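Here is the structure we will look at.
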Amino acid sequence: MNKRSRRIITLCISALLLAGSYYLLKLAPGYLMYQEPPRKADCIIPLLGKEYIERKKEAYELISEGYSRVLLIPPRYRLVHVNDGNNRVPVPVKEELSELSILAYKEHPQYRWHENTHIELILAKQYMMAYGFTSAIVVSSPYHMRRVKLLSSYVFPEEQYTITCVPDRHARTASPWWSTREDFTWVTREYAKIAWLMIYYRFSELITFTSDLLSGLFGKR
């Protein structure tokens, strides 16, 4: 094969790789933007974050559409019942739940590496157990939903709980996603957090052992 032929083949392969990379980049948000059709549930849980106000608005819209009568926000110790007159009636949380918090969980070695969303869903499970709830709609932002679905499958046993993941319908996403700093940050951060989830969920004990060992070795110097 002469030099000219090798050059043509190299250019063709490079073009195919570039086209494939661009195609995968375009698909990147699609995997993250998981959603399920809403269905009736014992409670609706909007997750915290910068977009919390919008998520709570979506939760109340779902309540007004008849999917539930209860808004549950565990990290803020809030349980709100919406009656037939569409009045929002706060319900005092049970005493045994008053000491639960994201910070309290993070101080426990078992949850040392958990992301806030993971702990928030663990908190939600504790609340649901306390009130006898077995189903919930979890509301968050579109790019957040794949990780929420993965975490929900880890936290809530499928045979005991029915968890539906619904994104905020009013949230806007850019096309292409890398055209705005906000969307670029969202997408890249979510993939990084999913990768970290896969690591710490399976190897948290090893990570803790290694971290403590290194801290001990370097702490003595």
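Since the structure is predicted, the reported quantities are computational estimates derived from the model, not experimental observations. For the numbers below, each heavy atom of this structure counts, side chains included, while hydrogens, waters and symmetry mates do not.
Between the side chain of Glu51 and the backbone N or O of Ser141 there is no donor-acceptor pair closer than 3.5 Å. A distance-only check finds a donor-acceptor pair linking the side chain of Lys94 to the backbone of Ala130 [under 3.5 Å]. In this structure, Lys125 contributes its side chain and Val155 its backbone to a donor-acceptor pair below 3.5 Å.
Remark: His144 NE2 to Arg55 CZ distance equals 6.0 Å, nearest 0.5 Å. Taking CD1 from Ile119 and CG from Leu121, the interatomic distance works out to 10.5 Å, rounded to the nearest 0.5 Å. Rounded to the nearest 0.5 Å, atoms CG (Asn116) and CD1 (Ile102) are 5.0 Å apart. Taken to the nearest 0.5 Å, the NE2 atom of His118 stands 9.5 Å off from the OG atom of Ser152.
More than 12 heavy atoms of other residues, nucleotides or ligands sit less than 6.0 Å from atom CD of Glu65. The environment of NZ in Lys193 is crowded: more than 12 heavy-atom neighbours from other residues, nucleotides or ligands sit within 6.0 Å. Within 6.0 Å of CD in Glu115 there are more than 12 heavy atoms belonging to other residues, nucleotides or ligands. Atom CD of Gln160 sits in a crowded spot, with more than 12 heavy atoms from other residues, nucleotides or ligands closer than 6.0 Å. Within 6.0 Å of CD on Glu95 lie no more than 12 heavy atoms contributed by other residues, nucleotides or ligands.
Residue Leu32 is tested with Met145, Glu190, Arg147 for a side chain to side chain contact (heavy atoms under 4.5 Å, CB included); the sole match is Glu190.
A cation-pi arrangement is absent between Arg189 and Phe184, since the terminal nitrogen or guanidinium carbon is not both under 6.0 Å from the aromatic centre and inside a 45° cone about the axis. A cation-pi contact links Arg76 to Tyr52, judged by a cut-off of 6.0 Å to the six-membered ring centre and 45° from its axis.
Under the 4.5 Å side-chain heavy-atom criterion for Ile, Leu, Val, Met, Phe, Trp and Tyr, Ile45 and Leu79 are members of the same hydrophobic cluster.
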Assess whether side chain to side chain contact (heavy atoms under 4.5 Å, CB included) is satisfied between Thr164 and Val138, documenting all intermediate values. CA-CA 6 Å; Thr164 307; Val138 179; over 6 Å; no
For His114 and Ile122: C-alpha separation, side-chain torsions, deciding distance, then whether side chain to side chain contact (heavy atoms under 4.5 Å, CB included) applies. CA-CA 10 Å; His114 286 43; Ile122 292 171; 4.0 Å; yes
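Applying the ring pair (Phe, Tyr, Trp, His ring centres under 6.0 Å) test to every pair with at least one member in residues 151-175, sequence neighbours left out, gives these pairs: Tyr154-Tyr201, Phe156-Tyr161. Among residue pairs with one or both ends in residues 61-107, those qualifying as ring pair (Phe, Tyr, Trp, His ring centres under 6.0 Å) are Tyr105-Tyr111; sequence neighbours excluded.
A donor-acceptor pair shorter than 3.5 Å can be found between the side chains of Asp183 and Tyr143.
Ring geometry for Tyr191 versus Tyr31: interplanar angle under 30°, hence parallel rather than tilted (30 to 60°).
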